[in-house]
There are 2 protein chains.
Amino acid sequence: MDVSLRQIRAFLTIVHSKSFTRAAGVLNLSQPALTVQIRNLETALGVKLLDRTKRSVEVTPVGLDLVPALERTLHELDVTLSDLREVGAGRRGTVRIAALPSFAASLLPGVILACRRANPAVSFLVRDAIAAQVSTLVASGEVDLGITGGDLAEAEFDVLHTTLDQICLVFPGSHPIGRKRRITVEDLVDLPLVLTNPGTSLRELIERALLKIGHTPTLACEVTYMMSAVAMVRAGLGLTILPTSAREIRVERGLRVRPIDDPDFLRPVVIIKKKGRTLPPATAGFLDLCIAAMRHERR
Amino acid sequence: MDVSLRQIRAFLTIVHSKSFTRAAGVLNLSQPALTVQIRNLETALGVKLLDRTKRSVEVTPVGLDLVPALERTLHELDVTLSDLREVGAGRRGTVRIAALPSFAASLLPGVILACRRANPAVSFLVRDAIAAQVSTLVASGEVDLGITGGDLAEAEFDVLHTTLDQICLVFPGSHPIGRKRRITVEDLVDLPLVLTNPGTSLRELIERALLKIGHTPTLACEVTYMMSAVAMVRAGLGLTILPTSAREIRVERGLRVRPIDDPDFLRPVVIIKKKGRTLPPATAGFLDLCIAAMRHERR
DNA sequence: ATCAGTGATAGCTTTCGACTATGGACGTCA
DNA sequence: TGACGTCCATAGTCGAAAGCTATCACTGAT
């Protein structure tokens, strides 16, 4: 027969309590059960581990040598497994998530805070990246969740939640366009725009929408970070177009933000995971908080 | 249910082979058995460890974190247990033995050599000590075997073997006593003797034997080591009395050795162990060799 | 000498784990 | 596109393992 954990635990318990009967009590077992366990263990190992003698049990020299090693190993295993149970309950673990920069800066901080408040031992790994990278990160398994634009192609992902992100025009308070009641795509034509880099989903969305009415954007400046775009606008270099989710439009004073009233500027946003992948429990909890926060945001 | 080693091994095997079916082959198990093992393991831990998806099995992030720790622990355990099996087979281990100096220097080296030839990984701990100390060492468990004089009092020990050690008179080749055909206790009276310290079993034996015929030894000199005694005799300081087992009587040239023809000078020698104690397998093998060597010696 | 306490043994019962057979999902290839 | 093969899951059955109760044999203490 093979050696089992039960047998090892039985052995160690007997060594500590120096008695089959007492050990049986500790292990919630009958004394004969223990006798059999030890007999089997000794048979399996081919060594006598305990000397059953008058009045009490003594460990053989061989058994004594064994005790520290077994104890160390068993303790390691127990720690590993009890940690794991914590992970299983969602009280521990690492939430690994990739998100568009706008969400990484606006939605996530609050959600992370809430999640950490509920389970202080949970840690977070946030990768902020443009849409194309987000899906790659999810597909490769480098992160478990992705928050990205809704234009993903394949059945490689499960869509866990969908919401909409209103794209807005950002302009100085003094700009004449502020007087319009409603801003449409047509209004964007010929306006000097500060846009994010080509390849970003936002840029593509804008170009596509303008192309639809036969135009291309009038580029005032091209930047990588939305923060830069906002600064440009503030300096009067032009106007920019950012999603509502972008934190940048809220921190900069003296700028005005107005939705662009066009279905093309209501960008779908999804939370995705790799298909067939189970989310770690802590991450599943985090997801729920995310969805709740998005619902709350859209109200 | 509790986590078992089988389950952990099953999990790791599946992780490596990335397939239930293949892992089942490796483990000589049916595939459904593995399915059940993993299901039980996951239930016990409250975590999904494997994602069973199309065509192949993937480890969940949580499971992946777990693999190295489990592997390390399991490997440690395997090493510990396989070492132990070696010990159990007597191929490894430490033989701990206390012996009277005469035996430690004469009988033991050969036996140890033979034992080591049979099992090269066995190591030895030899304590050479006078009779009183030998029994103490055995009683305390500091050694497993003791070779000592036969005058031990208690039922605290098991006597594993008994032999007799002829006590001899050692004298210079030129000494007149060499002309006697037979040496008796009476011959010892008034001879200048080089004796070992009071408290040694040999000294007590000699004093007791002389006292029986109403005498006390004529002390030429008192020494601790038999080697010293022999050197004194060699220098003509007196005669000495040593057991046959003493190696010293063989190495010194120009000395003569004659048995003292008296039952009092046929000292019983025993091999003992603590009662109720199981000998480690390597030590049991060593004991057999000791007994064989003693039998051979007395022929 | 009796009694209390220890571990071992025996007989019975329950539980666990393994096997065979089969089902459902998915990928592949004609 | 449909038949097939592969993979894991499920169901039912059976045997082995492990548990329990009752009792024994031994030892040490009263």
Side-chain angles (χ1 to χ4, degrees), chain A residues 1-45 47-60 63 154-158 274-278, chain B residues 1-45 47-60 63 154-158 274-278:
Chain A
M1 200 211 315
D2 219 24
V3 174
S4 73
L5 283 182
R6 303 182 68 81
Q7 291 169 344
I8 295 176
R9 272 186 228 280
F11 170 60
L12 292 178
T13 309
I14 293 174
V15 168
H16 283 127
S17 53
K18 296 182 192 307
S19 150
F20 277 63
T21 308
R22 276 194 296 277
V26 173
L27 295 169
N28 289 318
L29 232 67
S30 73
Q31 168 264 312
L34 265 193
T35 296
V36 174
Q37 294 259 26
I38 296 298
R39 172 155 34 95
N40 290 342
L41 180 60
E42 289 181 333
T43 307
L45 298 174
V47 190
K48 264 199 93 187
L49 295 173
L50 297 172
D51 275 327
R52 294 79 150 172
T53 169
K54 48 211 164 197
R55 245 43 214 148
S56 89
V57 180
E58 262 191 281
V59 193
T60 61
E154 327 72 16
E156 191 180 358
F157 303 108
D158 284 332
K274 199 175 173 187
K275 197 161 201 136
R277 259 287 177 85
T278 305
Chain B
M1 202 212 314
D2 219 24
V3 175
S4 73
L5 284 182
R6 304 181 68 80
Q7 291 168 343
I8 295 176
R9 272 185 229 280
F11 170 60
L12 292 178
T13 309
I14 293 173
V15 168
H16 283 127
S17 52
K18 297 181 191 310
S19 151
F20 278 64
T21 309
R22 276 194 297 279
V26 173
L27 295 168
N28 289 317
L29 231 66
S30 72
Q31 168 264 311
L34 268 192
T35 296
V36 174
Q37 295 258 26
I38 297 299
R39 174 160 27 101
N40 289 342
L41 180 60
E42 288 181 334
T43 307
L45 297 175
V47 191
K48 261 198 96 188
L49 295 173
L50 297 172
D51 275 328
R52 294 77 150 173
T53 169
K54 47 210 161 198
R55 254 24 224 160
S56 89
V57 180
E58 263 190 280
V59 193
T60 60
E154 325 74 18
E156 189 181 358
F157 303 108
D158 284 331
K274 198 175 173 188
K275 197 157 203 141
R277 260 283 177 87
T278 303

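All chains are named by letter (A, B, ...) in the order of the sequence lines, taking the proteins before the strands, and each is independently numbered beginning at 1.
- When the side chain to side chain donor-acceptor pair (under 3.5 Å) test is applied to A:S4, no partner is found at least two apart in sequence or on another chain.
- In the helix from C:dA1-D:dT30 to C:dA30-D:dT1, the rotation axis of the first five pairs and that of the last five pairs differ in direction by 20°, rounded to 10 degrees.
- Distances shown here put a side-chain N or O of B:Q37 below 4.0 Å from the OP1 or OP2 atom of C:dA18.
- Across D:dT10, C:dT6, C:dA8, the shortest atom-to-atom separation from the side chain of A:T21 is found for C:dT6.
- A:I38 places its CD1 atom 11 Å from the P atom of C:dG7, with the value rounded to the nearest Å.
- Heavy-atom minimum distance, A:V3 versus A:L45: CG2-CD2, 3.8 Å.
- Contact between A:R277 and B:D51 at its shortest, heavy atoms only, is CA-OD2, 3.1 Å.
- Between A:R52 and the phosphate of C:dA8, there is a side-chain N or O to OP1/OP2 separation shorter than 4.0 Å.
- Distance, B:F20 CZ to D:dT6 P: 19 Å, rounded to whole Å.
- Between D:dC8 and B:S19, a contact under 4.0 Å exists linking OP1 or OP2 to a side-chain N or O.
- Every residue two or more places apart in sequence or in another chain was checked for a side chain to side chain donor-acceptor pair (under 3.5 Å) with A:E58, and none qualifies.
- Under the side chain to side chain contact (heavy atoms under 4.5 Å, CB included) criterion, B:V36 pairs with B:R39, B:N40, not counting sequence neighbours.
- Residues A:R6 and B:L34 each lie close to DNA chain D; by heavy-atom proximity, the contact nearer the 5' end of the strand is made by B:L34.
- When all heavy atoms are compared, the tightest approach of B:V57 to B:S19 is CG2-CA, 4.1 Å.
- Taking A:R9 as the reference, A:D78 meet the salt bridge (charged side-chain N to carboxylate O under 4.0 Å, His left out) condition, with sequence neighbours excluded.
- Between A:L34 and A:A24, the closest heavy-atom pair is CD1-N, 3.4 Å.
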When you check every protein heavy atom under 4.0 Å of nucleotides 10-15 of chain C, what one-letter string (B, S, -) results, 5' to 3'? ------
